[in-house]
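A short worksheet on the structure shown next.
Each chain gets a letter, A, B and so on, in the order the sequences are listed, and its residues count up from 1.
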Protein chains: 2
Amino acid sequence: MQISSRFTLAIHIFACIDTFGDSQKVTSDFLAASTNVNPVIIRNILGQLRRAGLVEVTRGSGGASIAKPLDQITFLDIYNAVESVEDGRLFHFHENPSLQCPVGRNIHHVLDPRLWQVQSAMERELRSITLADIRNDLKAYLE
Amino acid sequence: MQISSRFTLAIHIFACIDTFGDSQKVTSDFLAASTNVNPVIIRNILGQLRRAGLVEVTRGSGGASIAKPLDQITFLDIYNAVESVEDGRLFHFHENPSLQCPVGRNIHHVLDPRLWQVQSAMERELRSITLADIRNDLKAYLE
DNA sequence: CCATGATGTAATATCAATTTTTACAACCAG
DNA sequence: CTGGTTGTAAAAATTGATATTACATCATGG
């Protein structure tokens with residue numbers, strides 16, 4: 001199962017605010033047009049990013065801005081903000097292994113550390129990429 | 001969004017075959033009892049593992065066995081066998097970013113290599129864990 | 001050779017999460 | 001106070017996972 005598109009949408013949103021924020025007001029309708037998703041989806045993601053302290057959104061007059069320097073916002077910050085999985089676990093464990101079975105009784109003890117090991121590797125990589133990297137990469141394409 | 005429980009189920013299945021396969025026939029009903037999921041789910045996963053060359057399942061008389069030495073089956077082999085995502089991509093990209101928008105037009109070029117970078121880190125970690133590790137860990141609990 | 005107990009698979013139902021869409025109250029600025 | 005915007009709720013549509021029923025197919029022991 002794939003990680004939801006809210007993650008790539010959020011990065012797209014940041015790229016738009018960074019690119020267009022100086023010259024115009026970046027509203028949810030503007031972002032909806034650029035991403036081709038419904039404005040309500042944009043507003044919900046902006047809400048998650050706002051509660052995580054990554055963007056500021058002004059009610060009434062409208063428009064969003066980025067709350068921190070780009071090199072201080074990592075992919076992991078964004079991932080954690082928009083990908084709200086229970087307990088923050090990447091892997092879904094089958095719920096009720098049999099306690100009558102020696103394997104079923106111990107599979108969690110055995111597997112949990114290994115699953116964390118994998119998830120940690122992914123999070124480490126997510127933490128190593130910042131929005132400043134994206135700005136740099138994008139700048140090369142925009143010229 | 002989480003990775004489906006088919007992955008942890010598959011590992012549970014391997015652990016059962018390895019633990020009980022010598023002393024008894026390991027059927028889909030047996031595995032369904034140990035994992036507490038429906039036997040058809042087990043049979044479907046066994047089918048995916050069989051097509052990936054990781055297990056052998058005998059029709060008619062019944063029972064499953066492991067097709068390779070445990071240290072030659074990695075978590076990545078299992079993950080790829082049971083987690084059938086289109087294109088094998090971990091991240092779901094929003095489908096139709098606007099080609100009218102400079103950001104929308106380039107977001108894929110910018111983001112795709114970064115997403116692969118993250119996915120590769122995860123796959124590298126999955127590749128580093130084998131079923132032999134799980135047998136070792138489980139043995140400590142079974143004694 | 002057939003009765004039994006398995007597997008393989010299709011079909012359907014249920015459930016959960018995502019995504020879309022409509023609607024509207026709250027809000028701010030000119 | 002009017003126009004454009006955000007925040008949010010609610011409902012529908014969509015998708016994928018999981019459960020369940022059903023049955024054809026298969027191997028084997030009696």
Side-chain angles (χ1 to χ4, degrees), chain A residues 1-10 12-13 17 21 24-33 35-52 55-65 79 82-97, chain B residues 1-10 12-13 17 21 24-33 35-52 55-65 79 82-97:
Chain A
M1 199 140 192
Q2 288 181 302
I3 288 163
S4 94
S5 66
R6 281 200 308 279
F7 179 61
T8 55
L9 279 171
H12 188 144
I13 287 172
I17 301 178
Q24 56 193 286
K25 188 170 64 173
V26 180
T27 68
S28 62
D29 273 17
F30 178 94
L31 292 166
T35 56
N36 239 318
V37 304
N38 194 281
V40 175
I41 303 290
I42 301 292
R43 292 207 278 272
N44 284 335
I45 294 176
L46 279 176
Q48 294 179 296
L49 297 175
R50 175 172 47 77
R51 284 187 287 276
V55 302
E56 282 158 3
V57 185
T58 52
R59 299 197 58 156
S61 58
S65 58
Y79 178 85
V82 302
E83 200 71 22
S84 53
V85 193
E86 61 169 336
D87 299 341
R89 287 177 192 273
L90 178 60
F91 294 93
H92 181 16
F93 217 112
H94 48 293
E95 314 280 353
N96 299 308
Chain B
M1 202 140 191
Q2 287 181 304
I3 287 162
S4 94
S5 65
R6 280 200 308 279
F7 179 60
T8 56
L9 279 171
H12 188 144
I13 287 171
I17 300 177
Q24 56 194 285
K25 188 169 66 173
V26 180
T27 68
S28 61
D29 273 15
F30 178 94
L31 292 166
T35 55
N36 239 319
V37 305
N38 194 281
V40 176
I41 302 291
I42 300 292
R43 291 206 280 271
N44 284 334
I45 294 176
L46 278 175
Q48 294 179 296
L49 297 174
R50 174 172 48 77
R51 284 186 289 276
V55 302
E56 282 157 3
V57 184
T58 53
R59 299 197 58 157
S61 58
S65 58
Y79 177 86
V82 302
E83 200 70 24
S84 54
V85 192
E86 60 169 337
D87 299 342
R89 287 176 192 271
L90 177 60
F91 294 93
H92 181 15
F93 216 111
H94 48 294
E95 314 280 352
N96 298 308

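Side-chain atoms of B/Arg50 never come within 3.5 Å of backbone atoms of B/Val55 as a donor-acceptor pair (strictly under, hydrogens ignored). Judged by distance alone, the side chain of A/Thr58 and the main-chain N or O of A/Gly63 form a donor-acceptor pair under 3.5 Å. Although no hydrogens or angles enter the test, the distance criterion places no donor-acceptor pair under 3.5 Å between the side chain of A/Lys25 and the main chain of A/Ala64.
Of the candidates C/dG8, D/dT8, C/dA17, C/dG8 carries the atom nearest the B/Arg43 side chain, counting heavy atoms from C-beta on. Out of D/dT6, D/dA19, C/dG8, the shortest distance to the side chain of B/Arg50 is found at C/dG8. Distances from the side chain of A/Asn38 to the nucleotides C/dT9, C/dT21, D/dC26 place C/dT21 closest. Nearest to the side chain of A/Val57, among D/dT18, C/dT18, D/dG7, sits D/dG7. The side chain of A/Thr27 sits closest to D/dT6 out of D/dT6, C/dT18, D/dT18. Side chain of A/Val37, nearest nucleotide from C/dG8, C/dT20, D/dG7: C/dT20.
One interatomic measurement links the two molecules: CD1 of B/Ile41 to P of D/dT21, which rounds to 13 Å at whole-angstrom precision. Counting to the nearest Å, the P atom of D/dA19 and the CG atom of B/Asn44 are 11 Å from each other. Rounded to whole angstrom, the span from the NE2 atom of A/His92 across to the C1' atom of C/dA16 amounts to 10 Å. Nucleotide D/dT15 holds its P atom 13 Å from the CE atom of B/Met1, rounded to whole Å.
The residue among B/Arg6 and A/Lys25 whose nearest nucleotide of DNA chain D lies closer to the 5′ end is A/Lys25. Each of B/Ser61 and A/Glu83 was matched to the nucleotide of DNA chain C holding its nearest heavy atom; the match closer to the 5' end belongs to B/Ser61. Mapped onto DNA chain C by nearest heavy atom, A/Gly60 and B/Val40 fall at different nucleotides, with B/Val40 at the one closer to the 5' end.
Under the 3.5 Å distance criterion, with hydrogens and angles disregarded, a donor-acceptor pair is assigned to the side chains of A/His94 and B/Thr8.
Between D/dT8 and A/Arg59, no contact under 4.0 Å exists linking OP1 or OP2 to a side-chain N or O.
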